[in-house]
Q: 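Just passing along the structure, written as structure tokens.
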Amino acid sequence: MKNSTLQNTLDKTEQWTRIPSAEETTFVVDEITTVIKEAVESTIGNSSYQHSQINQWMSSIVESSLSQLTKLGKPFKYIVTCIILQKNGAGLHTASSCFWDNSTDGSCTIRWENKTIYCIVSVFGLAI
Amino acid sequence: MTDLAKEKAARLLKKRGSLSSLGSHEVRAKEAFARTKDSISTVSYMEEPGHHDDIPRPAVQMENTYQLSPAQRFPVLTVKDILKDVLTSYLQEEKYEPELCRQMTKTISEVVKARVKDLMIPRYKIIVIISIGQIRDQNMRMGSRCLWDETHDNFSSHTFKNSSLFATATVYGVYFE
């Protein structure tokens with residue numbers, strides 16, 4: 001009896017101290033892209049630009065992306081930025097420069113548009 | 001970065017045309033003693049795949065430092081001053097032009113990153129985001145949300161505007177445990 005409980009504890013400890021595989025500690029662009037696209041589609045999928053709604057859309061896109069990212073359960077800190085732009089012929093340039101660990105950290109940017117809105121979402125993932 | 005990832009990045013870039021991100025990798029062995037014998041830094045541009053990792057690097061073993069909090073916090077106000085300084089000096093007299101602004105965003109982001117690195121804040125990862133846009137009676141909203149450690153991580157941002165363009169600069173500092 002005592003041996004089996006000891007064995008159980010040992011098994012559990014092994015689980016806690018398991019070293020995660022490479023897949024679980026590197027930033028995987030594809031997964032993140034899918035997650036974010038879904039979040040954007042579900043929020044502003046069929047809408048036209050409406051000034052009164054912008055705040056709400058922005059918060060909802062960013063919050064739902066972040067909560068979906070946490071559900072992935074990876075040991076990462078995330079930064080999600082979102083730009084919503086009315087289509088008006090104006091130009092916009094964005095650049096980012098990062099000082100991090102290339103092997104584990106990464107970023108991904110998703111551009112989405114419809115007839116009246118441009119939406120650019122960037123996700124930066126930094127390994128803990 | 002793997003080839004597949006590079007190709008994807010190149011494709012993404014072709015679609016959007018004016019986004020580039022620079023990754024810089026610095027390796028420090030035995031940080032507790034501040035010996036930087038094995039530090040190699042590479043800068044990689046995502047829009048030019050293939051210029052990457054030419055130097056084969058040996059895998060570095062890091063020792064535990066048993067340090068829980070940062071010795072020095074992310075200096076929000078200092079960084080804000082840097083951003084103000086850089087944006088005004090580079091953009092005070094400029095008018096919006098697509099090619100110029102494309103180069104300008106990349107240059108400014110590099111410059112800001114270099115200056116923040118010069119502050120030598122140990123164990124902090126830096127992300128700099130610059131956006132330059134044309135003013136044309138349009139509405140725009142930028143927002144960001146972060147999942148991180150409130151007590152150690154922070155960000156700083158600044159906006160600059162003149163008659164034909166606007167620019168926003170944001171720097172995030174994330175503590176590396």
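None of these values were measured; they are calculated from a predicted model.
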Q: Under 4.5 Å, counting heavy-atom pairs only, tell me which of A/V80, A/L69, A/I117, A/V62 racks up the most with chain B.
A: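 The candidate making the most pairs under 4.5 Å is A/V80.
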
Q: Please classify the contact between B/D149 and chain A as side chain, backbone, both or neither, with a heavy-atom cut-off of under 4.5 Å.
A: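 Both backbone and side chain of B/D149 come within 4.5 Å of chain A.
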
Q: Considering residues at least two apart in sequence or located in another chain, which fulfil the salt bridge (Lys or Arg N to Asp or Glu O under 4.0 Å) criterion with A/E41?
A: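 Here no residue qualifies.
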
Q: How would you list, in number order, the residues of residues 156-170 of chain B that have a heavy atom less than 4.5 Å from chain A?
A: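 The stretch touches chain A at B/F166.
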
Q: Does A/D105 reach the main-chain N or O of A/D101 with its side chain, forming a donor-acceptor pair under 3.5 Å?
A: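 Side chain of A/D105 to backbone of A/D101: a pair is present.
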
Q: Looking only at heavy atoms and a cut-off of under 4.5 Å, which of A/S122, A/A90, A/S59, A/G106 has the most pairs with chain B?
A: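 Looking at each option in turn, the highest pair count goes to A/A90.
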
Q: Could you tell me whether B/K113 and B/E110 make a salt bridge, using a distance below 4.0 angstrom between a side-chain N and a carboxylate O?
A: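 Salt bridge: no.
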
Q: Which residues satisfy the ring-ring contact (aromatic ring centres under 6.0 Å, His included) test with B/Y175, sequence neighbours excluded?
A: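 Applying ring-ring contact (aromatic ring centres under 6.0 Å, His included) to B/Y175 gives B/Y124, B/H152.
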
Q: Would you say A/I54 ends up clustered with A/I61 if hydrophobic residues are merged whenever their side chains have heavy atoms under 4.5 Å apart, either directly or through other cluster members?
A: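 Per the 4.5 Å side-chain linkage, A/I61 and A/I54 are co-clustered.
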
Q: At a heavy-atom separation under 4.5 Å, does A/Y49 approach chain B through its side chain, its backbone, both, or neither?
A: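 For A/Y49, the side chain is the part near chain B, not the backbone.
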
Q: Hey, what do you get for CZ (A/F124) to OG1 (A/T81), rounding to the nearest 0.5 Å?
A: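 Between A/F124 CZ and A/T81 OG1, I get 5.5 Å after rounding to 0.5 Å.
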
Q: Name the atoms and distances for all side-chain donor-acceptor pairs under 3.5 Å in residues 126-136 of chain B, with sequence neighbours left out.
A:
| residue | atom | partner | partner atom | Å |
| --- | --- | --- | --- | --- |
| B/Q134 | OE1 | A/G91 | N | 3.1 |
| B/R136 | NH1 | A/G89 | O | 3.0 |

Q: How long is the gap from NE2 on A/H51 to CZ on B/R141, to the nearest 0.5 Å?
A: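 The NE2 atom of A/H51 sits 7.5 Å away from the CZ atom of B/R141.
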
Q: Examine whether an atom of A/L66 lies under 4.5 Å from a heavy atom of chain B, and if so say whether it belongs to the side chain, the backbone or both; otherwise answer neither.
A: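 When you check distances to chain B, only side chain atoms of A/L66 fall under 4.5 Å.
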
